[in-house]
2 protein chains.
Amino acid sequence: MGPKYSSSRENYLKAIFHLQEIHGTVTTNDVASEMQTRPASVTDMLKKLKAQKLLLYEKYKGFKLNTEGRKVALQIIRKHRLWEFFLVEKLRFGWDEVHEIAEELEHISSKKLIDRLDEFLGYPKTDPHGDPIPDSQGRWTLTRQVDLLNLPINQIAEVSGIGDQSAEILELLNHKHIALGTRLEVKKKFAFDNSIELKIKNQSPVTISEHVAKNVFVKYDE
Amino acid sequence: MGPKYSSSRENYLKAIFHLQEIHGTVTTNDVASEMQTRPASVTDMLKKLKAQKLLLYEKYKGFKLNTEGRKVALQIIRKHRLWEFFLVEKLRFGWDEVHEIAEELEHISSKKLIDRLDEFLGYPKTDPHGDPIPDSQGRWTLTRQVDLLNLPINQIAEVSGIGDQSAEILELLNHKHIALGTRLEVKKKFAFDNSIELKIKNQSPVTISEHVAKNVFVKYDE
DNA sequence: AATAAAATTTAGACAAATCTAAAAAATAAA
DNA sequence: TTTATTTTTTAGATTTGTCTAAATTTTATT
């Protein structure tokens, strides 16, 4: 088994990874504000991470994760998201209350544990927020899964699941020509009632309610 | 939610609780050897635990957990044993490989998590080693256990717990087909070395040493 | 280009948990 | 009851991660 890093180091790696993904480049101040700490503390940690060969860093010149740092970060993210999935799917937590708990669970070190958990959960591809879960080799599936309420406007996506399986919703979706595999995009979101206007290729726009939108899951590549 | 204690403090509370249960009284050296640390470190921690009102302590005069310390210790034990149960029952771990992982998991702080886990597991009463799991109020199910040395001759009993949980003893017991729930009786006790001859139904007699006998707990109807 | 502002780093401190070596107290042995 | 031994505690150091305040470097602005 690989070396063990402290929770604090793991948290820095994860934060840097996320900021790198979003902004391409990361600054000391970014990390400090992301981690609710002081820039001086970040500098201290950058040196340690560099000494541990997880980070490329030249002072005043910026920094970024190297291959090893990225690998570690991905394993933390994998653990975080698998635990979130577990909390929601098995322990009936709401998707909005699992983050804090997963922040602790992600630092449990056993690799065997996380691989067994993955298996137990049926190798989920995305966490309850729709974020992809890296596999045990740290590979992403670049597909995000979200419900229609959270699909960005003009993002073409493919219907991948229906939450509520009642005959009623299926009838409704059938009538609007929405089925598994249908490719569609959101054209407009109405703040008034959270209803949504969709466009399916070669068809005229259709509108669905918030209630329906919540139960239609789609996936798309980033 | 109650105050949060560091993993280290929690480990000390747990160790002191265990030693208190076994020996009635606990010494600095006991704790040091149980925790693989130095007596000086134990003294340092005793002061901290006293300052936190988890321990009654007068220097050179000994120490013991107070009500609050016992309460915290029981919650850690509850968490440890529920996680062990989870690992064995849901993730298919062997009962001899879960201790280390549970040592980490027991420090996850969320009380809601552990209560949900308890529910998910069906409110188990004992962990995979046969040790009782305290409920969320810290109450034991007081199953009286005797070790094999104290089991009367010809009294049929059921294996309910293993004291030392090292991989070595578990391997030995496994080889002799002694596991939780095994029904057996003591056929002979040898005064010379306190070894014991056991009989398990439909099997030929096996002999175990005093050392092993001391660590195998059984329950039986009187 | 010179100066002002912002970002980053250093210097020095602190808290938690641990350690070693030495001192103090309690216990056991002569 | 002295003396010897063991147990426990203190004193002072170390490591990790954090902080504040000051210094340095970079960047933006006259």
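Proteins come first, then strands; the chains are lettered A, B, ... in the order of their sequence lines, and each starts at number 1. All heavy atoms count here, side chains included; hydrogens, waters and symmetry mates do not.
- Proximity of a side-chain donor or acceptor of B:Glu84 to a complementary backbone N or O of B:Ala102 within less than 3.5 Å is not detected.
- Computed from coordinates, the B:Met45 CE to C:dA16 C1' distance equals 8 Å when rounded to whole Å.
- Protein atom NZ of A:Lys48 is 14 Å distant from nucleotide atom P of C:dT9, rounded to whole Å.
- In this structure, the nucleotide among C:dA17, C:dT8, D:dA21 sitting nearest to the side chain of A:Thr43 is C:dT8.
- Checking the phosphate oxygens (OP1, OP2) of D:dT9, a side-chain nitrogen or oxygen of B:Thr28 falls inside 4.0 Å.
- One interatomic measurement links the two molecules: CG of A:Asp44 to P of D:dT15, which rounds to 16 Å at whole-angstrom precision.
- One finds no side-chain N or O of B:Ser41 lying less than 4.0 angstrom from the OP1 or OP2 phosphate oxygen of C:dA17.
- B:Arg116 contributes a side-chain N or O that, together with a main-chain N or O of A:Arg92, makes up a donor-acceptor pair within less than 3.5 Å.
- Below 30°, between 30° and 60°, or above 60°: for B:Phe63 and B:Tyr57 the angle between ring planes is above 60°, a perpendicular geometry.
- A:Lys47 has a side-chain polar atom (N or O) that falls below the 4.0 Å cut-off from OP1 or OP2 of C:dT10.
- OP1 or OP2 of C:dA17 has at least one side-chain nitrogen or oxygen of B:Ser6 nearer than 4.0 Å.
- Across D:dC19, C:dA26, C:dT18, the shortest atom-to-atom separation from the side chain of B:Lys61 is found for C:dA26.
- Residue A:Arg38 has no polar side-chain atom (N or O) positioned under 4.0 Å from OP1 or OP2 of D:dT18.
- Rounded to whole Å, the distance from CG on A:Asn29 to P on D:dT25 is 18 Å.
- Within 6.0 Å of CH2 on A:Trp95 lie no more than 12 heavy atoms contributed by other residues, nucleotides or ligands.
- For B:Tyr60 and D:dT7, a side-chain-to-base donor-acceptor distance below 3.5 Å is absent, hydrogens and geometry of angles not being considered.
- Distances were taken from every side-chain heavy atom of B:Ser8 (C-beta onward) to each of C:dT8, C:dA17, C:dA26; the shortest belongs to C:dA17.
- Comparing D:dT9, D:dC19, C:dT18 by their closest approach to the side chain of B:Tyr12 singles out C:dT18.
- Rounded to a whole Å, the CE atom of B:Met35 is 7 Å from the P atom of C:dT18.
- Across the protein-nucleic acid pair, B:Tyr5 atom OH and C:dA15 atom C1' stand 19 Å apart, rounded to whole Å.
- A perpendicular orientation is assigned to the rings of B:Trp83 and A:Trp83, their planes being inclined by more than 60° (bins at 30° and 60°).
- Across the protein-nucleic acid pair, B:Glu58 atom CD and C:dA24 atom P stand 20 Å apart, rounded to whole Å.
- Atoms CG (B:Asp30) and P (D:dT6) sit 16 Å apart, rounded to a whole Å.
- Residue A:Lys59 places at least one side-chain N or O closer than 4.0 Å to OP1 or OP2 of C:dT10.
- Ring planes of B:Phe120 and A:Phe86: perpendicular class, angle over 60° (limits at 30 and 60°).
- Between B:Tyr57 and D:dT8 there is no side-chain N or O to OP1 or OP2 distance below 4.0 Å.
- In this structure, of D:dT9, D:dT18, C:dT18, it is D:dT9 that holds the atom nearest to the side chain of B:Leu46.
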